[in-house]
Amino acid sequence: MIRDQLLDAVRQGMVALGVADPPDSIVVERPARREHGDWSTNAALVCSKIVGTNPRELGQALADYLEANRPPHVDALEIAGPGFVNFRLAPTWLHDVLVEAVTAGPDGYAKPNLGDSSSVNVEFVSANPTGPLHAGHGRWAAYGDSLCRIFARCGYAPHAETYVNDRGVQINTYAGSLLARKNGEPVPEGGYQGEYIIEWAGEMPDDITTPSEAAGWGMEFALNDQKEALAAMHVAFDTWSSERAAVDAGLLDSALQRLKEGGHVYEDGGATWLRTTDFGDDKDRVLIKSDGDYTYLTPDIGYHENKFERGDLVIDILGADHHGYVARMSAALQALGHPKDAYEAIIGQNVKLMRDGAEVKLSKRAGDIVLLSELVDEVGPDVARFAYLMQSIDTSLKIDIDLLKKESSENPVFYVQYANARIHAIGRKAAELGIERQPLADTDLGLLVHERELDLLRVVSELPDVLESACADRAPHKITAWVRELAAAYHGFQHDCYVLRDDVPADLQQARLWLVESARVGLTIGLDLLGVHAPESM
RNA sequence: GCCCCCGUAGCUCAGUGGAUAGAGCAUCGGUUUCCUAAACCGUGUGCGGCAGUUCGAUUCUGCCCGGGGGCACCA
């Protein structure tokens, strides 16, 4: 890659200038402003202290060295600002990017091996089996699924998992609520008030009369409902883990036993405690209540321990209301002997759903929830996923349902989908005209010199870096942002550069057809990472 | 009181230890005998505040202010 070639040259230059061991903080990057060249290095600023000269002088010396030992594609060098060395490259470096992209294709371009096949277990959604998924859950579904796609492309072996809390008090509450509604009675105090309970109770067979029967039937019904909603969004899990099954399999007992053997457990006030403060938690946590029942934490520890069988790295994707959970789970897993960095919790901020200009509450106990299935029905899985992935997971997400339903330029999804449709329209039109793309080797890419053409290739060239960063930062929204940039560059290109019109010379036409292909490769990869399908015509 | 996230343009959000901080929408104006105008081009205001670290801070650290979410022998 061009950047590595430039960086190598810069580092060699610094060695030649007396920096025995050039620091890693030397970078070659794309300057924010085009006037500052195609690439730029901070080497002189970083190394000036080591050499004892001022950055501008060192920069000049570096520029002189590079002038004499010119890396590929470099047209001109200049020193600027406080001591940056800027590279101006011939367009040939972008033509190389085109060749790389279309040769590797959607399966091979932008495929960094960061994970070296190590496995990563990603748990997300994990809703209680006591009701339907609401529109807020969609964020975790879209995020988790996209993150797994990113991991997979970056050389990891991801395992998508969701956890079903199918035991505990909320199940009894749920069963009680179902039975009460079945009998036409108001739900008990603290029960589930949602409209769906009435509806679901109506579907419950008459021979179900006991709480335990209602619980069994209700959980299965809820799970099926959730699976349908996720399937409509094209989200699938490798594993659905049942809390009850984990307890029955003895995962809880064996984890508890090992914690005791490790000396991390003590009794106090009739309860059994885990000394999580030894591993950074701010207070110890109860494992077994004084009434003999486990807290929610205890089976969760057993379950998390078990997840290491399905991942070298275990990641939980949790809502902001669970952030207090992280320190105790991390402490428990460390007490079981796992390295601190083998467990990672990603805390996502909440979803605010707007409809008719007002916020819609998403609480399951309140009446008017917007179901995930409703949202996906209304706008489709692609629009929904794109909307969920537009923002950083660290920010609360406002989703305006009215806006998503509008198929207009106010809705960014269509901008991207339209770019995809136009790319494919070129292909259709070319076929209609009997124009075929000739072998790449016979194509003169040197004809691609229009600013729009080069801008498009610049965006294509950035995908590998964007992907690495999206993976390292667990940030699918960086892919969304890149896809929007690519669409913008493509629309700009297509506006100013004709491909198939009569007056386009045949050799330029060929080069542009390959350019369109490189955009197709990039867009295909980007949209696939988001799990968003784009229609070939609109 | 403690913990987590956020505070960037009128709105919704990107972004970065660096050289003049971006995009979409909204406003106003312009572009089409031509591969989808669902497009393109032009048009202004902005890093909540105060210190510190640094050659350089919107970015890192501390404090303050503001918004959201947590602080159970609930899950």
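Residue numbering restarts at 1 for every chain, and letters A, B, ... go by the order of the sequence lines.
- Using the six-membered ring where Trp is involved, A:Tyr303 and A:Tyr163 have ring planes that are parallel, under 30° apart on the 30 and 60° scheme.
- For B:A38 and B:U33, the P atoms lie 15 Å apart once the distance is rounded to whole Å.
- Closest approach to the A:His491 side chain among B:G70, B:A19, B:A39 is made by B:A39 (side chain taken as heavy atoms from C-beta onward).
- Heavy atoms of A:Ile347 sit nowhere under 4.0 angstrom from any nucleic acid atom.
- Residue A:Ala271 has its side chain nearest to B:C73 when only B:C55, B:C35, B:C73 are considered.
- Ring pair A:Tyr266/A:Trp273 is parallel by interplanar angle, where below 30° counts as parallel and above 60° as perpendicular.
- With both ends at atom C1', the span from B:C2 to B:A9 equals 35 Å, rounded to whole Å.
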- Please lay out, stage by stage, how A:Asp465 and A:Arg3 fare under the test side chain to side chain contact (heavy atoms under 4.5 Å, CB included). CA-CA 11 Å; A:Asp465 281 354; A:Arg3 191 189 43 208; 2.6 Å; yes
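- Residue A:Arg328 is classed as a base contact, given a heavy-atom separation below 4.0 Å to a base.
- Taking the side chain of A:Asn86 as heavy atoms from C-beta on, and the options B:U54, B:A19, B:C41, the nearest nucleotide is B:A19.
- Nucleic acid contact class of A:Lys429 (heavy atoms, under 4.0 Å, all strands): sugar-phosphate only.
- Ring centroids of A:His264 and A:Phe279 are separated by less than 6.0 Å, placing the two rings close together.
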